[in-house]
Amino acid sequence: MEGEHQRNILHLQRKVRRRRDPKEVLTNKLSRSLSCSVTKLKNTFTGFFPVVRWLPKYKFKEYIWGDIMSGLIVGIILVPQAIAYCLLAGLQPIYGLYTSFFSNIIYFFMGTSRHVSVGIFSLMSLMVGQVVDREVYLAGFDLSEDTNVDTMQLGDIWNSTVSSSISTVNLSMGGLSMECGKECYAITIAAALTFLAGIYQVLMAVFQLGFVSVYLSAPMLDGFATGASITILTVQAKYLLGLKIPRHQGYGTVIITWINIFKNIHKTNFCDLITSTICLAVLVAAKELGDRYKDRLKIPLPTELVVVTVATLVSHFANLNGLYSSSISGAIPTGFIPPKVPSFELMPRVVFDAIPLGIISFAFTVSLSEMFAKKNGYTVRPNQEMIAIGFCNIIPSFFHCFTTSAALAKTMVKDSTGCQTQVSSVISAFVVLLVLLVFAPLFYSLQKCVLACIIIVSLRGALRKFQDVPKQWQLNKIDAVVWSITMLSSALISVEMGLLVGVIFSMLCVVARTQVPKVAILGQVQDTGFYEDSSEYENLLTVPKVKIFRFQAPLYYANKDFFLKSLYKSVGVEPFLEITKKKKAEKRAKQLAAKQARENDLDKTNGEATVSLVPKELDFHTVVLDCSSMPFMDTTGMITFKGIVKDYKEVGVSILLACCNPSVIESLKRGGFFGIEDKDISSMLFYTVHSAVLFAKSRESTVNDSVV
């Protein structure tokens, strides 16, 4: 048996890999990077602008109808949402339209996904709004005022003081000193924040840092989205009631906002309350019907646009603002404001706020693009997606836009309405452009409570995650706890802190799983060469004189002590204690032998014979370590293995290894675990647990035969 195993070892020789000189590797990479050719320039250009590759191959007759339909429908949905989400961002509605227009155009040129809809997103709007409100408050503006820009001119928004603002700030942009009112300052902050978020995203793409999204687990992201949805709902609740209370600054927004709402509940505007009730009923009913009969409906119902149109007409002709002081959107100018360079003066104030924005934005975009690419049978390039979403933030920041991301709801609409390519994004941008150039002033009388209803109804998907918690608890308790911790911290502390807490807690859970992993003593499946966990399966056979131990985690410095404690407990023998017991037994035997010698006049040799007759108490002679679930080990792990071999040898127990992967074997070889030039590898390392057990039995038989 030993000879057969030796032949197997010789047959499975590791490949000798030549270690390349780091200087040579670096030189080759630099030469490839700095080399220039027409082909390389062409590939670089087409890689940066994927539209150049797929647009010439566009199947017009096959694709155009689906792209036009999905583009029109998404554009119709996008307009009211773009206006509504500006309430979350603390900005005027015009900026939401700008953001939706530019992001769709830029992603058309740079994105690799055919279905992703990039644009304004509620979560991004909330995170932008928290930073904007904080900075506006610190600049001395009154957050409780209900600003309506009735006579805003396109060229005046940047260099005039808005009449409703109580103070101004001085900004120096590109050497031009100017006074800036509240609305101007708000969009200046948002643009600076968006520019930095885009820069971070491009840098992550350049330095291949997309692995950061690995730490954003699905339960953590779901919990984060649900917690943020609770915050969004809370922030919008005041609009449903027509209350004019400032947004809370700092931690505990949800709790303090609800306290302020109940303190001011007697000031409820009943016109806004009645409008909100009607709109919520219509929107929820339409969404439920749409979900129930989505298989029969070829296109989703444009409920938001219908509600906005009807509500605007009613508000205008009934003069709800004049008669009942209902809060309205105010004037939305037509056309485009001249571009401006984002304020570098303000960037140091928001440099850290842009980090979570950039990470969440690219995480949602990359995950959605990969999800729908897999569903529709094509591939995307995650690194290019990061660059695309980065430039969807950098370039629009010059045009008074705020942070964007891919949005799940609108992407699903595109997919379900026949979208084939990003030509649909151009159609959606064209719809937004029509509103910007022609229809924007018609939204003057639109009540803010209607916009709040649109936002709240859009949160249904995230809020429904509460229904999945019991099922998630049954499937995986750790994931359920991660979801709950992230959700609670996002809702009760702050959105940014919730993201940080969620990431840290998720990583701690991973560390905990490796520090306190599952261990098992294995038994043999009857009449086979397979071995399984004795605590999980019935009718397993115990191998006589052999203990088989499995450690289901990597062995490294953090879990070394747990490994040793688990091993000692599982096999029932701790070598140090056994050695101590043996020494005490030998000492007692010597004392007894000496006493007998004195009493019976025996010589010293008979005393030594008595010592040698101390019986061994162990019921096994071999421990097989099943390393199949051990992906790697560090130096501490290797030293731990050497230590247990030495310690158990002193109590007459051999240690055999089975099912080690090449990484573990290499670590053991480098540490000299198998002796000089690995001379003991054939008697210590086995490719299956069964071969190790057979070797242990054969060695026991050999020892017994030699004794006989």
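Atom CD1 of Ile73 sits about 11.5 Å away from atom CD1 of Ile68, to the nearest 0.5 Å. Going from atom CG of Asp353 over to atom CE of Met347 covers 13.5 Å, rounded to the nearest 0.5 Å. In this structure, the separation between CD1 on Ile387 and CG on Leu203 is 10.5 Å, given to the nearest 0.5 Å. Annotation: the span from Leu88 atom CG to Gln236 atom CD amounts to 4.5 Å, rounded to 0.5 Å. From Leu78, atom CG reaches atom CD1 of Ile83 across 10.0 Å, with rounding to the nearest 0.5 Å. Atoms CD1 and CG, on Ile187 and Leu91 in that order, are 5.0 Å from each other to the nearest 0.5 Å.
At least one donor-acceptor pair closer than 3.5 Å links the side chain of Ser428 to the backbone N or O of Gly71. Distance alone, capped at 3.5 Å, is enough to place a donor-acceptor pair between the Asn393 side chain and the Thr404 backbone. Tyr378 places a side-chain N or O within 3.5 Å of a backbone atom of Arg114 that can act as its donor or acceptor partner. Within the 3.5 Å criterion, the main-chain N or O of Glu183 finds no donor-acceptor partner in the side chain of Gln92. In terms of modelled atom types and a separation under 3.5 Å, the side chain of His316 and the main chain of Phe443 share no donor-acceptor contact. Judged by distance alone, the side chain of Asp415 and the main-chain N or O of Thr411 form no donor-acceptor pair under 3.5 Å. For the pair His115 (side chain) and Cys419 (backbone), a donor-acceptor distance under 3.5 Å is present. Put simply, the side chain of Ser276 gets close to the backbone of Leu240: a donor and an acceptor are under 3.5 Å apart. A donor-acceptor contact shorter than 3.5 Å links the side chain of Gln422 to the backbone of Val116.
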- Task: Take Leu433 and Phe336, measure what side chain to side chain contact (heavy atoms under 4.5 Å, CB included) needs, and give me the verdict at the end.
- Result: CA-CA 10 Å; Leu433 181 63; Phe336 290 90; 3.7 Å; yes

- Message: With side chain to side chain contact (heavy atoms under 4.5 Å, CB included) as the criterion, how do Leu463 and Ile230 come out once you've worked through the C-alpha distance, each side chain's angles and the decisive distance to 0.1 Å?
- Response: CA-CA 8 Å; Leu463 295 176; Ile230 294 174; 4.1 Å; yes

- Message: Using side chain to side chain contact (heavy atoms under 4.5 Å, CB included), reason through Thr486 and Val501 one step at a time and then give a plain yes or no.
- Response: CA-CA 6 Å; Thr486 307; Val501 170; over 6 Å; no

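Annotation: side chain of Ile360 is in contact with side chain of Phe224 (closest heavy-atom distance under 4.5 Å). Considering only heavy atoms from C-beta on, Phe402 comes within 4.5 Å of Ile120 through its side chain. Between Leu451 and Leu446 the shortest side-chain heavy-atom distance falls below 4.5 Å. Counting heavy atoms from C-beta on, the side chains of Pro356 and Met127 come closer than 4.5 Å. With a 4.5 Å cut-off on side-chain heavy atoms, Pro333 and Ile94 count as touching. Side-chain atoms of Tyr200 and Ile355, non-hydrogen and from C-beta on, do get closer than 4.5 Å to each other. Side-chain atoms of Thr334 and Leu436, non-hydrogen and from C-beta on, never get closer than 4.5 Å to each other. In this structure, the side chains of Lys287 and Val457 come closer than 4.5 Å at one or more pairs of heavy atoms.
Phe399 pairs with exactly one of Tyr95, Tyr98, Phe102, Phe101 by the ring-ring contact (aromatic ring centres under 6.0 Å, His included) rule, that one being Phe102. Just one residue in the list Ile199, Leu196, Thr194 forms a side chain to side chain contact (heavy atoms under 4.5 Å, CB included) with Ile394, and that residue is Ile199. Just one residue in the list Phe48, Phe109, Tyr107 forms a ring-ring contact (aromatic ring centres under 6.0 Å, His included) with Phe391, and that residue is Phe48. Checking each of Thr403, Ile105, Ile106, Thr99 against Cys392 for a side chain to side chain contact (heavy atoms under 4.5 Å, CB included) leaves exactly one that passes, namely Ile106. Under the side chain to side chain contact (heavy atoms under 4.5 Å, CB included) rule, Phe364 has a single partner from Leu123, Val118, Leu408, which is Leu123. Among the candidates Ile456, Val450, Val307, the single residue satisfying the side chain to side chain contact (heavy atoms under 4.5 Å, CB included) test with Leu283 is Val307.
Around the OH atom of Tyr63, the shell of radius 6.0 Å holds more than 12 heavy atoms that belong to other residues, nucleotides or ligands. Counted within 6.0 Å of CE on Met412, heavy atoms from surrounding residues, nucleotides or ligands total 12 or fewer; the atom is thus considered open. Counting non-hydrogen atoms of other residues, nucleotides and ligands closer than 6.0 Å to CH2 of Trp54 gives a total above 12.
For the pair Ala311 and Gln447, the tightest heavy-atom approach, listed with the atom from each and the gap, is O-OE1, 4.5 Å. Considering every non-hydrogen atom in both Asp133 and Gly90, the closest pair reads OD1-CA, 4.3 Å. Taking each heavy atom of Ile455 and Leu87 in turn, the nearest pair found is CD1-CB, 4.4 Å. Across all their heavy atoms, Ala491 and Thr231 have their closest contact at CA-OG1, 3.9 Å. Taking every heavy atom of both residues into account, Ser397 and Pro342 meet most closely at OG-CG, 3.5 Å. The two residues Ile76 and Val431 make their nearest non-hydrogen contact at N-CG1, 4.1 Å.
For the pair Glu288 and Arg460, the salt-bridge criterion is met [side-chain N within less than 4.0 Å of a carboxylate O]. A salt bridge is absent between Glu370 and Arg381: the closest approach of a Lys/Arg side-chain nitrogen to an acidic carboxylate oxygen does not fall below 4.0 angstrom.
Counted by atom type alone, Glu385 and Thr112 present one or more donor-acceptor pairs between their side chains at under 3.5 Å. Under the 3.5 Å distance criterion, with hydrogens and angles disregarded, a donor-acceptor pair is assigned to the side chains of Ser361 and Gln201. Remark: the Arg53 side chain and the Thr46 side chain contain an N/O donor-acceptor pair separated by less than 3.5 Å. For the residue pair Lys410 / Gln81, a side-chain donor-acceptor distance below 3.5 Å is found, with atom types taken as modelled. A donor-acceptor contact closer than 3.5 angstrom is absent between the side chains of Thr312 and Tyr444. A donor-acceptor contact under 3.5 angstrom links the side chains of Ser425 and Lys414, judged on distance only. In the model, Tyr58 has a side-chain atom that pairs as donor or acceptor with a side-chain atom of Asp67 under 3.5 Å.
Under the 30°/60° scheme for interplanar angles, the aromatic rings of Phe195 and Phe398 are found to stand perpendicular. A perpendicular orientation is assigned to the rings of Phe466 and Trp483, their planes being inclined by more than 60° (bins at 30° and 60°).
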